[in-house]
Visitor: 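I have a structure I would like to understand better, so I am pasting it below and will then ask my questions one at a time.
Every number for a ligand or one of its atoms is a count from 1 in the order of the listing. Hydrogens, waters and symmetry mates play no part in the numbers below; they use all other heavy atoms, side chains included. For this chain, numbers begin at 1 and follow the sequence in order.
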Amino acid sequence: MAEPLFERIALVGIGLIGSSIARVVRREGLAGTIAISTRRAETLARAKELGLGDEYHARATDAVADADLVIVSVPVGASGQVAADIAPSLKPGAIVTDVGSTKRSVIEQMAPVLPEHVHFIPGHPIAGTEHSGPDAGFAELFEGRWCILTPLPGTDPQAQEKLAQFWQRCGSKVDTMDPEHHDMVLAIVSHLPHIIAYNIVGTADDLETVTKSEVIKYSASGFRDFTRLAASDPTMWRDVCLHNRDAILEMLARFMEDLSALQRAIRWGDGDKLFDLFTRTRAIRRSIIEAGQEVDLPDFGRQVVIHPPKREED
Ligand SMILES: NC(=O)C1=CN([C@@H]2O[C@H](COP(=O)(O)OP(=O)(O)OC[C@H]3O[C@@H](n4cnc5c(N)ncnc54)[C@H](O)[C@@H]3O)[C@@H](O)[C@H]2O)C=CC1
Ligand SMILES: O=C(O)C(=O)Cc1ccc(O)cc1
């Protein structure tokens with residue numbers, strides 16, 4: 001087993017992401033000690049039952065005391081409160097990071113309350129599922145997935161390099177990005193798809209002419225894919241919507257304009273327009289597969305079917 005990267009890692013929040021980190025840290029021997037803390041006593045007890053760490057603390061201050069790396073894995077709306085709680089107990093020189101799906105808001109909440117003597121380096125593993133809680137995590141979650149760091153100006157390059165190494169040893173590829181740009185990119189590739197999924201499943205649920213049992217019975221795979229996303233954690237996604245408001249509204253405006261154009265093409269029978277758009281979007285799917293970015297979700301055993309190129313006359 002390689003040398004641990006950190007003497008003591010503290011995990012604040014032990015849901016899907018926190019528990020996946022705990023599992024991979026244990027598997028790869030990345031920490032001398034894993035100290036866990038979370039808000040609810042039952043979740044902490046479950047983490048202990050699952051043997052996710054070495055120490056379990058009701059108070060986050062006790063978990064982070066003397067930690068070299070602190071990872072905050074809570075819904076983004078709780079980041080400021082957690083940062084304020086742990087601030088007085090952080091060791092000088094410790095690296096403090098997070099995994100939140102939005103970055104500008106997390107920085108605005110955490111940076112002002114963290115002491116100057118720690119290295120605060122925000123992060124976001126682009127890896128997850130629709131499940132939540134400590135039972136949902138798995139050590140392979142980050143394998144081959146990107147982790148984006150959004151360091152603040154003046155960040156210590158050695159601390160940044162050490163955090164990048166940490167994520168690489170968890171199996172991730174690491175990129176750095178400006179927080180505003182991160183929030184724009186994620187708004188289109190992750191936040192909007194979830195919002196659209198919540199919306200379409202809600203629309204189906206509200207229909208009077210098609211019954212709920214018909215929706216369940218006849219749901220084609222397209223609709224089923226939406227129901228997976230729409231089963232994601234409500235607290236987490238409420239917070240993402242509220243904390244990446246501007247970028248999401250910008251992308252939603254673009255989306256609705258394009259949807260109106262699509263609606264017009266359908267209304268006026270503009271087959272060429274529909275065909276052109278569908279051809280262009282199909283190429284994006286191919287690029288994702290070629291770039292090796294398609295994920296096989298272990299709990300679904302979903303297989304990727306790559307269709308042969310479509311003939312002109314089809
Ligand atoms: N679920 C996903 O697919 C992904 C989630 N993320 C981000 O990771 C973070 C955590 O998400 P999950 O692990 O999925 O959520 P989760 O719901 O599975 O776990 C959240 C954890 O935070 C704790 N918590 C909640 N409020 C707290 C508070 N005020 N103080 C202390 N602990 C608190 C909960 O007890 C739980 O242990 C979120 O910021 C989310 O945006 C990032 C990538 C993927
Ligand atoms: O389950 C899915 O399809 C996801 O998109 C997971 C996910 C959710 C939130 C993130 O910030 C990153 C990844």
Visitor: Look up atom CG in Asp135 and atom CZ in Arg46, then write down how far apart they are to the nearest 0.5 Å.
Guide: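 Reported value, rounded in 0.5 Å steps: 4.0 Å.
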
Visitor: Compare His194, His124, Arg228 and give the one whose heavy atom is closest to atom 1 (O) of ligand 2.
Guide: Arg228

Visitor: For ligand 1, which atoms, with element, lie under 4.0 Å from some heavy atom of Gly100?
Guide: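 Near Gly100, the atoms of ligand 1 are 39 (O).
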
Visitor: Of the protein's non-hydrogen atoms, which lies at the shortest distance from atom 3 (O) of ligand 1, and what is that distance?
Guide: Gly128 CA, 3.1 Å

Visitor: Give the numbers and elements of all ligand 1 atoms closer than 4.0 Å to a heavy atom of Pro125.
Guide: 43 (C)

Visitor: So which of Thr129, Leu16, Ile14 gets nearest to atom 15 (O) of ligand 1, if we judge by its closest heavy atom?
Guide: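 Nearest heavy atom to atom 15 (O) of ligand 1 lies in Leu16.
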
Visitor: Is there any salt bridge (charged side-chain N to carboxylate O under 4.0 Å, His left out) pair reaching into residues 170-198, and which pairs are they, with sequence neighbours excluded?
Guide: Arg104-Glu180

Visitor: Under the criterion side-chain contact (heavy atoms from CB on, under 4.5 Å), which of Ile95, Ile86, Leu11 is the partner of Val70?
Guide: Ile86

Visitor: Among Val12, Val99, Val76, whose heavy atom sits nearest atom 42 (C) of ligand 1?
Guide: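 Nearest option to atom 42 (C) of ligand 1, by heavy atoms: Val99.
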
Visitor: What do you reckon, does Trp237 have a nitrogen or oxygen under 3.5 Å from a nitrogen or oxygen of ligand 2?
Guide: no

Visitor: Quick check against the 3.5 Å criterion: does Gln109 have a side-chain atom that pairs as donor or acceptor with the backbone of Gly80?
Guide: yes

Visitor: When rounded to the nearest 0.5 angstrom, what is the spacing between CD1 in Ile21 and CZ in Arg23?
Guide: 11.5 Å

Visitor: I need the Leu90 CG to Phe120 CZ distance, nearest 0.5 Å.
Guide: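 Going from the CG atom of Leu90 to the CZ atom of Phe120 covers 11.0 Å.
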
Visitor: Heavy atoms only, cut-off 4.0 Å: how does Val82 contact ligand 1, side chain, backbone, both, or neither?
Guide: side chain

Visitor: Quick one: does any side-chain atom of Ser20 pair with a main-chain N or O of Phe138 as donor and acceptor, under 3.5 Å?
Guide: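 Yes, the answer is positive, given that a donor and an acceptor are paired below the 3.5 Å cut-off.
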
Visitor: If the test is side-chain contact (heavy atoms from CB on, under 4.5 Å), which one of Ser19, Ser73, Ser37 qualifies with Ile14?
Guide: Ser19

Visitor: Considering distance alone, does some N or O of Val74 sit under 3.5 Å from an N or O of ligand 1?
Guide: yes

Visitor: Which of the numbered atoms in ligand 2 are under 4.0 angstrom from any heavy atom belonging to Met236?
Guide: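 Heavy-atom distances to Met236 below 4.0 Å select 9 (C).
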
Visitor: Roughly how far apart are Thr33 OG1 and Phe6 CZ, rounded to 0.5 Å?
Guide: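 If I round to the nearest 0.5 Å, the distance is 13.5 Å.
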
Visitor: Give a yes or no on whether the backbone of Gly123 and the side-chain of Asp98 come within a donor-acceptor separation of less than 3.5 Å.
Guide: yes

Visitor: Could you check atom 31 (C) of ligand 1 against the protein and tell me its nearest heavy-atom contact, residue, atom and distance included?
Guide: Arg39 CB, 3.6 Å

Visitor: Judged by non-hydrogen atoms, does Ser232 sit under 4.0 Å from ligand 1?
Guide: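 It does not, in that no heavy atom of Ser232 comes within the 4.0 Å cut-off of ligand 1.
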
Visitor: What part of Ala127, side chain, backbone, both or neither, has a heavy atom within less than 4.0 angstrom of ligand 1?
Guide: backbone

Visitor: Any link between Leu141 and Ile148 through a network of hydrophobic side chains (Ile, Leu, Val, Met, Phe, Trp, Tyr) touching at under 4.5 Å?
Guide: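 The answer is no; the residues belong to distinct hydrophobic clusters.
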
Visitor: So which of Ile86, Thr38, Ile17 gets nearest to atom 37 (O) of ligand 1, if we judge by its closest heavy atom?
Guide: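 Nearest option to atom 37 (O) of ligand 1, by heavy atoms: Thr38.
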
Visitor: Run the salt bridge (Lys or Arg N to Asp or Glu O under 4.0 Å) check on Asp68 and Arg8 step by step: do they pass?
Guide: CA-CA 6 Å; Asp68 312 286; Arg8 178 181 176 88; over 6 Å; no

Visitor: Counting each atom of ligand 2 from 1 as listed, which ones have a heavy atom of Ser101 under 4.0 Å away?
Guide: 9 (C), 10 (C), 11 (O)

Visitor: According to the side chain to side chain donor-acceptor pair (under 3.5 Å) rule, which pairs have a member within residues 271-281, sequence neighbours left out?
Guide: none

Visitor: In terms of ring plane angle, is the pair His194 and Trp237 parallel, tilted or perpendicular, where the classes change at 30° and 60°?
Guide: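 Geometry flag for Trp237 against His194: parallel rings.
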
Visitor: Under 4.0 Å from any heavy atom of Ser101, which atoms of ligand 1 are there?
Guide: 6 (N), 7 (C), 40 (C), 41 (O), 42 (C)

Visitor: Could you list which atoms of ligand 1 come closer than 4.0 Å to a heavy atom of Ser73?
Guide: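 Result: 10 (C), 20 (C), 21 (C), 22 (O).
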
Visitor: Looking only at heavy atoms of Met236, does any of them come nearer than 4.0 Å to an atom of ligand 1?
Guide: yes

Visitor: Can you tell which of Pro134, Ser132, Ala78 gets a heavy atom nearest to atom 29 (N) of ligand 1?
Guide: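 Looking at heavy atoms only, the winner is Ala78.
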
Visitor: Among all the protein's non-hydrogen atoms, which is closest to atom 19 (O) of ligand 1, and how far away is it?
Guide: Gly15 CA, 3.2 Å

Visitor: Judging by distance only, is a nitrogen or oxygen of Val240 under 3.5 angstrom from one on ligand 1?
Guide: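 No; the residue has no nitrogen or oxygen that sits under 3.5 Å from a nitrogen or oxygen of the ligand.
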
Visitor: Which one holds for Val240 and ligand 2: side chain close, backbone close, both close, or neither close, with close meaning a heavy atom under 4.0 Å?
Guide: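 The answer is neither; Val240 stays 4.0 Å or more away.
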
Visitor: I need the nearest protein heavy-atom contact for atom 25 (C) of ligand 1: residue, atom name and distance, please.
Guide: Pro75 CD, 3.4 Å

